[in-house]
Amino acid sequence: MKMKKITNYSKFSIKTNQISFSMNDVLIIGTVALDTIETPFGRVEKALGGSATYASFAASLFSKPALISVIGNDFPKEYVDLIKKRNIGINGLKITGKTFRWDGFYEYDMNEAKTRKTELNSLEHFKAEVPENYKDIKHVFLANIDPEQQLGVLRQVKKPKFVVLDTMNFWINNKKKYVIDAIKKADVLLLNDGEARQLFNTVNLVNASNQALRLGPKAVIIKKGEHGALLFTKNKHFNAPGYPLENIKDPTGCGDSFGGAFIGYLAKTRDLSESNFRKAVVYGSVVASHNAEDFGLNRLKRLTMADIEKRYKEFQEMREF
Ligand code: AMP
């Protein structure tokens with residue numbers, strides 16, 4: 001059998017990255033992808049995407065994420081440079097074979113992505129390895145990827161204080177048992193409404209959240225696309241409104257950027273109270289709504305803290321009556 005050559009990105013990482021990586025405060029495992037996306041407003045091919053990419057770009061607005069993932073030899077250098085420019089730790093990024101690819105489209109209901117093709121490629125034989133320097137990170141985001149890999153990362157992190165888990169229909173269909181195992185180990189479960197109904201076999205989202213809470217998480221967040229997000233804890237319920245976006249081009253990565261901003265804000269503020277979860281949900285919604293304004297990562301690339309605070313205020317005003 002021909003052995004595949006696997007390289008760890010740290011071999012190529014630049015000095016500044018090596019100096020700063022001990023300070024990384026959010027560990028994110030997920031996909032780094034080349035996406036083909038079609039929406040009623042246009043089409044892009046081989047765009048930089050993937051759950052870990054969106055999540056770490058969003059988290060980097062608040063904290064210093066490090067990512068664990070795999071790319072192929074076909075992955076453009078300019079995309080690696082973009083990731084490095086955000087000061088995202090890439091010592092856990094492996095290179096082997098061909099990059100994971102996702103091909104999807106949206107019709108006029110932009111809340112639902114339809115998958116044309118998923119090519120796992122190098123993800124198929126990927127074994128997530130957490131570099132020594134990342135093993136003490138306390139905030140862990142298990143973004144959307146094979147749940148066996150999510151569990152593998154959790155086993156390697158020494159004492160995670162706060163674990164957020166995301167998943168999607170692809171893994172619920174193919175590896176439900178592992179998805180449930182991962183939920184049992186998470187502090188917060190993130191799901192969109194369709195996935196919550198599918199996973200817990202109910203049309204009722206309150207029922208789905210209660211079933212999820214019984215598995216162990218302290219909180220469940222159900223993302224409802226343009227209609228906002230619901231936060232359920234044992235005795236409380238909060239809902240963040242959707243932002244009335246007039247200019248929406250591509251919602252790909254909104255769920256991941258919601259999750260990245262959510263955990264990034266909590267890592268920055270070091271406050272895991274329910275009231276701070278509510279603020280984190282609003283920051284997640286703010287970043288996700290910006291993300292939909294342009295294709296791929298084009299909007300997150302330019303997003304500033306000033307943009308975020310401005311929209312956060314608008315969210316507060318929307319709820320005054
Ligand atoms: P979101 O729109 O937030 O649900 O996520 C979009 C991103 O998820 C895209 O950039 C895809 O590359 C990535 N993606 C698509 N399918 C999968 C999958 N099965 N596992 C992990 N990531 C995926």
Side-chain angles (χ1 to χ4, degrees), residues 28-39 44-59 67-72 75 79 82-83 98-106 109-124 126 128 141-150 153 164-176 178-179 182 190-196 198 221-226 229 248-263 284-285 287-301:
I28 298 176
I29 175 173
T31 50
V32 175
L34 295 176
D35 285 345
T36 295
I37 306 164
E38 199 177 316
T39 82
V44 287
E45 277 180 33
K46 294 186 204 155
L48 173 59
S51 58
T53 316
Y54 282 103
S56 52
F57 268 61
L67 64 81
I68 307 287
S69 195
V70 61
I71 51 175
F75 194 75
Y79 289 172
L82 257 181
I83 298 173
K98 195 174 165 195
T99 305
F100 170 78
R101 285 168 198 238
W102 179 71
D103 183 339
F105 66 100
Y106 301 81
D109 177 2
M110 303 268 272
N111 285 314
E112 198 195 344
K114 301 209 167 103
T115 296
R116 263 198 197 106
K117 203 155 88 182
T118 303
E119 280 181 49
L120 293 178
N121 297 332
S122 51
L123 203 62
E124 209 164 341
F126 174 54
F141 183 19
L142 307 173
N144 191 16
I145 196 169
D146 184 334
E148 287 194 74
Q149 301 300 333
Q150 295 175 320
V153 160
V164 178
L165 172 79
D166 192 6
T167 190
M168 71 181 283
N169 50 7
F170 185 90
W171 303 113
I172 298 171
N173 290 333
N174 293 307
K175 295 201 169 185
K176 185 167 172 179
Y178 294 100
V179 171
L190 293 180
L191 282 174
N192 70 32
D193 44 358
E195 290 153 2
Q198 180 191 1
I221 297 171
I222 299 189
K223 300 165 284 179
K224 297 181 69 191
E226 63 182 327
I248 165 162
K249 284 192 181 150
D250 170 21
T252 306
C254 283
D256 312 310
S257 31
F258 178 100
F262 176 80
I263 197 166
S285 307
V287 175
S289 67
H290 276 293
N291 175 63
E293 290 173 347
D294 207 342
F295 277 86
L297 281 139
N298 286 342
R299 184 65 188 101
L300 288 193
K301 253 173 14 193

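Counting convention: from 1, in listed order, for ligands and their atoms alike.
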Asks: What do we get for Asn144 next to ligand 1 when only non-hydrogen atoms under 4.0 Å count, side chain, backbone, both or neither?
Replies: both
Asks: Under 4.0 Å from a heavy atom of Trp171: which atoms of ligand 1 are those, numbered in the order shown and with their elements?
Replies: 18 (C), 19 (N), 20 (N), 21 (C)
Asks: Under 3.5 Å, N or O to N or O, is Tyr106 touching ligand 1 that way?
Replies: no
Asks: Would you mind listing which atoms of ligand 1 come within a distance below 4.0 Å of any non-hydrogen atom of Phe170?
Replies: 19 (N)
Asks: Can any side-chain N or O of Ser69 pair as donor or acceptor with the backbone N or O of Gly30 at less than 3.5 Å?
Replies: yes
Asks: By number and element, which atoms of ligand 1 are closer than 4.0 Å to a non-hydrogen atom of Gly49?
Replies: 10 (O)
Asks: Counting heavy atoms only, which of Gly253, Gly296, Gly259, Ala47 comes nearest to atom 2 (O) of ligand 1?
Replies: Gly253
Asks: Could you work out, with ring pair (Phe, Tyr, Trp, His ring centres under 6.0 Å) as the rule, every residue matching Tyr106, not counting sequence neighbours?
Replies: none
Asks: What part of Thr252, side chain, backbone, both or neither, has a heavy atom within less than 4.0 angstrom of ligand 1?
Replies: both
Asks: Going by the atom numbers of ligand 1, which of them fall below 4.0 Å from some non-hydrogen atom of Phe100?
Replies: 12 (O), 14 (N), 16 (N), 17 (C), 18 (C), 23 (C)
Asks: Considering the heavy atoms of Ala33, write down every atom of ligand 1 situated less than 4.0 Å from one of them.
Replies: 12 (O)
Asks: Anything under 30° is parallel, anything over 60° is perpendicular, the rest tilted; go ahead and classify Tyr79 against Phe75.
Replies: perpendicular
Asks: If we ignore angles and hydrogens, is there a donor and acceptor under 3.5 Å between the side chains of Gln198 and Asn173?
Replies: yes
Asks: For ligand 1, which atoms, with element, lie under 4.0 Å from some heavy atom of Gly255?
Replies: 3 (O)
Asks: Taking only non-hydrogen atoms of Phe258, do any sit less than 4.0 angstrom from ligand 1?
Replies: no
Asks: Is it the side chain, the backbone, both or neither of Cys254 that has a heavy atom closer than 4.0 Å to ligand 1?
Replies: backbone
Asks: Determine yes or no for a side-chain-to-main-chain donor-acceptor pair under 3.5 angstrom, with Thr36 supplying the side chain and Glu45 the backbone.
Replies: no
Asks: Any nitrogen or oxygen of Thr118, side chain or backbone, less than 3.5 Å from one on ligand 1?
Replies: no
Asks: Does Asp166 reach the side chain of Phe141, with side-chain heavy atoms less than 4.5 Å apart?
Replies: yes
Asks: Report yes if Gly50 has an N/O atom closer than 3.5 Å to an N/O atom of ligand 1; otherwise report no.
Replies: yes
Asks: Within the 4.5 Å heavy-atom criterion, are Val70 and Phe100 side-chain neighbours or not?
Replies: no
Asks: Report yes if some N/O of Met168 lies less than 3.5 Å from some N/O of ligand 1; otherwise report no.
Replies: no
Asks: I'd like to know if the side chain of Asp193 reaches the main chain of Ile222, judged simply by a donor and an acceptor atom lying under 3.5 Å from each other, with no hydrogens or angles considered.
Replies: no
Asks: Determine, for Lys117 against Asp103, whether the closest basic-nitrogen to carboxylate-oxygen distance falls under 4.0 angstrom.
Replies: no
Asks: Could you tell me which residues satisfy side chain to side chain donor-acceptor pair (under 3.5 Å) with Asp294, sequence neighbours excluded, listed by chain and number?
Replies: none
Asks: What about Asp35: any of its N or O atoms under 3.5 Å from an N or O on ligand 1?
Replies: yes
